[in-house]
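Report on one structure; see the data block that follows.
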Amino acid sequence: MCSTNGAVAQPTNDLLPQIGHCHPHVARAIYRQASALNTNTRYMCDVAVEYAARLTADLPDHLDTCIFVNSGSEANDLAMQIAMSLSRHDGGLIIDQAYHGRTELTTALSNESWRHLPAEEHPKRIETLIAPDMYRGPYASDPQAAERYAAEADRAIATLSERGHRPAAFMVDTALCSSGVLQAPENYFNLVAEKVRSAGGFVIADEVQAGCGRMGTFWGSSANGLKDDNVDFITMGKPVGNGHPLGVVIFSSTLMKRFLTGTYPLLFSTFGGNTVACAAGMAVLDVIEREDLVRRSADTGEYLRRELRRLAERHEIIGDIRGRGMMTGVELVTDRLTKEPAIQQTDRLIEDMLARNTSSAKGRPTPSSSVHH
């Protein structure tokens, strides 16, 4: 990126552009489509149908239907509304420090927004699971860590029941970005999914940040081992249009038909899936395929973490390095044994990076200190 005074900056934490700012192929696609026709989806156009077909081409058979909206928040909101309508439940399960959007419903599903408030002000129909932290979490050294962390779902479902609620869905960003780019223990997500589905709820894989190849596979849920049969909804936003307003809900045609004959007989988004947005989405897929970006994401991310590990051999402040694909988390500590968060040093590192025209992001998962790339 270039500032107005000509300074060049390198953002390492920009979650919107998937293939770089102002990619010429995307810019041309938007221009061509806007010059030909820009209308809403009340008028069916080939580009929307073709785009839906491309998005679902390599997904399991039951994930065959797309609803296009304008953002990741809107996609997550709609997926949760559908889950509530079909399950006849109104509760939700999330991972601690989750972020899923800024609508009223998705803010309730984002305890990053309200975890600091007194308990009596927390949404009563939302229950939070302990983040499956394998560095400093309570079961980090436990060989049964997956089972122990997943048992949180049993507690959460029981707690909701005590308040008069049942889970409509477990919404999860399997990259666990806002929780510190954690790497959950193997099979954790499947264990939680199975508990939620047994309780009559659905599983919503929030791919807004993890999708489009960022984790070395096109779908983040696949990178983190979530089985196809345990995914009921996929939601997409941010990178799917390379910053152009576009969001997607992907689920089964069977659920779609049930939904439309139930609570919401009329469903549409005036500008969701408009021709220009779909053209942008198609162009993003073109670039990902032509430039082999999924493989390159895996290779480049592994190179980054390998070099960071070399740095860790010389700098004890680096406590942990983790991630998949381009999603990488680094924990800075003052003591590797106590894992005391290096809060001041993390702040200094962020400032030093900014001074070198490189931006990053920091988080402070309780009680840790992380730098996210």
Side-chain angles (χ1 to χ4, degrees), residues 1 8-23 25 58 132-136 173-186 207-226 238-240 242-243 284-333 336 342 345-346 348-363 365 368-373:
M1 297 182 68
V8 178
Q10 175 61 53
T12 66
N13 65 318
D14 195 335
L15 299 174
L16 288 176
Q18 180 66 10
I19 51 177
H21 294 276
C22 309
H23 193 288
H25 184 64
D58 63 349
D133 188 341
M134 295 303 290
Y135 177 62
R136 61 169 72 247
D173 161 23
T174 58
L176 298 171
C177 291
S178 55
S179 301
V181 194
L182 305 178
Q183 276 194 272
E186 186 177 355
E207 295 274 348
V208 172
Q209 298 190 77
C212 291
R214 286 177 168 178
M215 301 196 72
T217 60
F218 190 88
W219 303 105
S221 55
S222 298
N224 286 288
L226 189 55
K238 289 184 174 74
V240 73
N242 207 47
V284 170
L285 295 181
D286 288 342
V287 175
I288 290 173
E289 292 173 6
R290 293 173 186 174
E291 300 184 11
D292 198 15
L293 294 185
V294 175
R295 181 193 60 78
R296 289 168 62 187
S297 168
D299 293 347
T300 304
E302 186 52 42
Y303 170 78
L304 170 63
R305 288 183 292 278
R306 185 168 61 250
E307 293 301 302
L308 286 169
R309 292 186 188 104
R310 290 178 60 189
L311 281 177
E313 294 173 0
R314 295 187 284 120
H315 301 283
E316 291 193 0
I317 193 172
I318 300 176
D320 191 40
I321 300 160
R322 55 186 178 250
R324 289 186 174 91
M326 293 300 292
M327 291 285 193
T328 298
V330 180
E331 291 224 27
L332 303 184
V333 297
R336 286 184 175 178
Q345 294 90 334
T346 300
R348 171 70 183 274
L349 173 61
I350 297 298
E351 292 301 320
D352 285 351
M353 291 176 70
L354 285 173
R356 292 167 172 77
N357 295 326
T358 300
S359 65
S360 189
K362 65 179 178 180
S368 69
S369 178
S370 305
V371 179
H372 310 153
H373 295 269

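Keep in mind the model is a prediction, meaning the values are calculated, not measured. What you see below is based on every heavy atom in this structure, not just the backbone, and it leaves out hydrogens, waters and symmetry mates.
Applying the side chain to side chain donor-acceptor pair (under 3.5 Å) criterion to Glu186, with sequence neighbours excluded, gives no partner residue. Scanning for salt bridge (Lys or Arg N to Asp or Glu O under 4.0 Å) contacts around Glu307 gives Arg310, with sequence neighbours left out. Glu302 is linked by a side-chain contact (heavy atoms from CB on, under 4.5 Å) to Arg305, Arg306, Arg309, counting only residues two or more places apart in sequence or in another chain. Qualifying side-chain contact (heavy atoms from CB on, under 4.5 Å) partners for Gln345, counting only residues two or more places apart in sequence or in other chains: Ile317, Thr334, Ala342. Here Leu311 pairs with Leu308, Arg314, His315, Ile318 under the side-chain contact (heavy atoms from CB on, under 4.5 Å) rule; sequence neighbours left out. Remark: Arg348 pairs with Asp352 by the side chain to side chain donor-acceptor pair (under 3.5 Å) rule, at least two apart or across chains.
No side-chain N or O of Asn242 forms a donor-acceptor pair with one of His23 less than 3.5 Å apart.
In plain terms, the two heavy atoms of Gln183 and Gly323 that are nearest each other are OE1-N, 3.3 Å. The heavy-atom pair separating Ala210 from Asp173 by the smallest distance is CB-OD1, 3.8 Å. Heavy atoms only, all atoms of each residue included: Gly319 and Val333 are closest at CA-CG2, 3.8 Å.
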Practice item. Evaluate the side-chain contact (heavy atoms from CB on, under 4.5 Å) criterion for residues Leu182 and Arg322: first the C-alpha distance (whole Å), next the side-chain angles of each, then the deciding distance (0.1 Å), finally the verdict. Key: CA-CA 7 Å; Leu182 305 178; Arg322 55 186 178 250; 3.6 Å; yes
Point to revise | Pair Thr174-Trp219, side-chain contact (heavy atoms from CB on, under 4.5 Å): steps then yes or no | key: CA-CA 10 Å; Thr174 58; Trp219 303 105; over 6 Å; no
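The CD1 atom of Ile19 sits 7.0 Å away from the CD1 atom of Ile288 when rounded to the nearest 0.5 Å. For the atom pair CE (Met215) and SG (Cys177), the distance works out to 7.0 Å, reported to the nearest 0.5 Å.
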Donor-acceptor pairs under 3.5 angstrom involving side-chain atoms of residues 294-301: please list them, not counting sequence neighbours.
unit_1: Arg295; atom_1: NE; unit_2: Asp292; atom_2: OD2; d: 2.5
unit_1: Arg295; atom_1: NH1; unit_2: Asp299; atom_2: OD2; d: 2.6
unit_1: Arg295; atom_1: NH2; unit_2: Asp292; atom_2: OD2; d: 3.2
unit_1: Arg296; atom_1: NH1; unit_2: Glu291; atom_2: O; d: 3.0
unit_1: Ser297; atom_1: OG; unit_2: Gly213; atom_2: O; d: 2.9
unit_1: Ser297; atom_1: OG; unit_2: Arg214; atom_2: O; d: 3.2
unit_1: Ser297; atom_1: OG; unit_2: Met326; atom_2: N; d: 3.4
unit_1: Thr300; atom_1: OG1; unit_2: Arg296; atom_2: O; d: 2.8

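Of the possible polar contacts, none joining the Glu207 side chain to the Cys212 backbone as a donor-acceptor pair under 3.5 Å is found.
Looking at heavy atoms from C-beta onward, Pro132 lies in side-chain contact with Leu176 at the 4.5 angstrom threshold.
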